[in-house]
Asks: 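Sharing a structure here in structure tokens format.
Within every chain, numbering begins at 1; the chains are lettered A, B, ... in the order of the sequence lines, protein sequences first and strands thereafter.
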Number of protein chains: 2
Amino acid sequence: METSHSGDELARMLATLANPHRMRVIAALASGRNYVSALARELGISRPLLQLHLARLEAAGLVTATFELSADGKAMKFYDTVPFTVTLTPQSIALAARTLTLEDGEKTS
Amino acid sequence: METSHSGDELARMLATLANPHRMRVIAALASGRNYVSALARELGISRPLLQLHLARLEAAGLVTATFELSADGKAMKFYDTVPFTVTLTPQSIALAARTLTLEDGEKTS
DNA sequence: TTCACCTGCAAGAGAAAGCTAGCAGGTGCC
DNA sequence: GGCACCTGCTAGCTTTCTCTTGCAGGTGAA
């Protein structure tokens, strides 16, 4: 399930993974799905902070969210990891760098 | 030449790679070593800026620097890429997350 | 109703990253 | 000397990231 990424996608993915909290979130979800509040308790961080990191992980395509109703009718948002495999080498980075957007005047249209 | 990294090392490596300029530096050096000023011209960025990024890349262990004297006696700093292979999966991240430092009271000594 | 649980959002402060401008040193060649 | 090239450093601004605090909504159970 290897995906070919554009340079910008790869950069955003790496920036997203390069954070201790988000690494721990991936680690926690890799051993089983969970919902936001329980995950916050498990990781020992505040729920708003976790939601911020989950939003970034989801934006980078590293986790997915599913809304479900618990047995007693509570609306709960479950998160899962998205399987991915990215191999980083000088060559793979050189390849991705070819498709990087010019941060300045990108749109020529 | 795969290295096993601590969680902190991996995080710093990812943070270092997650930058368009630094990706381009890796790309440029992957096709051949070069010295600072020439590399700055090739990439179209200012020399001080490039030096900043090179320092970060070197700190993350992704490039190495070698001081050499050119034929006409100029002191020139040549940079090379360090071969590396890092495979990123939810599992590998979960493994690295186990060795993450607690950003707060890390030293118990 | 009150409590315990679930969710979402946003303002504001503090910390870190990114970049420029400008200074310093050196060499060799005309 | 003056110019062209090489290197190194840093003060200071701007932008981005990170995190807390505090508010809003909802449900079911005692």
Asks: Counting heavy atoms from C-beta on, name the nucleotide in dT7(C), dT20(D), dC6(D) closest to the side chain of Pro48(A).
Replies: dT20(D)
Asks: With a 4.0 Å limit, can you tell me whether Arg47(B) has a side-chain N or O closer than that to the phosphate oxygens OP1/OP2 of dC5(D)?
Replies: no
Asks: Roughly how many Å is it from CG in Leu43(B) to P in dC19(C), rounded to a whole number?
Replies: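 From Leu43(B) CG to dC19(C) P: 13 Å.
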Asks: Could you check Ala15(A) against Val36(B) and say which one's nearest nucleotide on DNA chain D is further toward the 5' end?
Replies: Val36(B)
Asks: Figure out the CE/C1' separation between Met76(A) and dG26(D), and round it to whole Å.
Replies: 14 Å
Asks: With a cut-off of less than 4.0 Å, is there a side-chain N or O of Asn19(B) near OP1 or OP2 of dA17(C)?
Replies: no
Asks: For a quick test of reading the model, state the closest non-hydrogen atom pair linking Ala15(B) to Ala18(A) and the distance between them.
Replies: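 Nearest heavy atoms, Ala15(B) then Ala18(A): N-CB, 3.3 Å.
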Asks: May I ask you to verify whether the side chain of Arg22(B) and the base of dG18(C) hold a donor-acceptor pair under 3.5 Å?
Replies: no
Asks: Ignoring backbone atoms, test whether Tyr35(A) places a side-chain nitrogen or oxygen under 4.0 Å from the OP1 or OP2 oxygen of dC6(C).
Replies: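 Checking Tyr35(A) against dC6(C): at least one side-chain N or O falls below 4.0 Å of OP1 or OP2.
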Asks: Do Thr16(A) and Arg22(A) come close enough that some side-chain heavy atom pair is under 4.5 Å?
Replies: yes
Asks: Is Ser46(B) close enough to dT20(C) that one of its side-chain N or O atoms is under 4.0 Å from OP1 or OP2 there?
Replies: yes
Asks: Check whether any side-chain nitrogen or oxygen of Gln51(B) sits under 4.0 Å from OP1 or OP2 of dC9(D), and answer yes or no.
Replies: no
Asks: Within the distance-only criterion (no hydrogens, no angle test), does the side chain of Arg47(B) pair as donor or acceptor with the backbone N or O of Ala40(B) below 3.5 angstrom?
Replies: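 Between the backbone of Ala40(B) and the side chain of Arg47(B) there is no qualifying donor-acceptor contact (under 3.5 Å).
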Asks: Using a 3.5 Å distance criterion without hydrogens, assess whether the side chain of Thr99(A) forms a donor-acceptor pair with backbone atoms of Ser6(A).
Replies: no
Asks: Closest to the Lys74(A) side chain: dG22(D), dC6(C), dC9(D)?
Replies: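 Minimum distance to the Lys74(A) side chain belongs to dC6(C).
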Asks: Rounding to a whole Å, what distance do you find between Leu69(B):CG and dT27(C):P?
Replies: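 That distance rounds to 11 Å.
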Asks: Across the strands shown, which category fits Leu52(A) at heavy-atom distances under 4.0 angstrom: base, sugar-phosphate, nothing?
Replies: base
Asks: Tell me the interatomic distance from Leu54(B), atom CG, to dC19(C), atom P, rounded to whole angstroms.
Replies: 13 Å
Asks: Measure from CG on Leu39(A) to P on dC5(C) and round the result to the nearest Å.
Replies: 17 Å
Asks: When rounded to the nearest 0.5 angstrom, what is the spacing between CG in Leu50(B) and OH in Tyr79(B)?
Replies: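 One gets 8.0 Å once the value is rounded to the nearest 0.5 Å.
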Asks: Report the distance from atom CG of Leu88(A) to atom CG of Leu10(A), rounding to the nearest 0.5 Å.
Replies: 6.0 Å
Asks: Check the phosphate of dC19(C) against His53(B), side-chain N and O only, distance under 4.0 Å to OP1 or OP2. Yes or no?
Replies: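 Yes.
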Asks: How many Å lie between CG on Leu50(B) and P on dC6(D), as a whole number?
Replies: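 Whole-Å distance recorded here is 12 Å.
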Asks: Round to a whole Å and report the spacing from CG of Leu49(A) to P of dT20(D).
Replies: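 In whole Å, dT20(D) P and Leu49(A) CG are 5 Å from each other.
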Asks: Taking for each residue the nucleotide of DNA chain D bearing the nearest heavy atom, is the 5' side occupied by Asp72(A) or by Tyr79(B)?
Replies: Tyr79(B)
Asks: Tell me which of Arg56(B) and Phe78(A) sits closer to the 5' end of DNA chain C, going by the nucleotide each one is nearest to.
Replies: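 By nearest-heavy-atom nucleotide position, the 5'-most residue is Phe78(A).
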Asks: How many whole angstroms separate atom CG of Asn34(B) from atom C1' of dT7(D)?
Replies: 15 Å
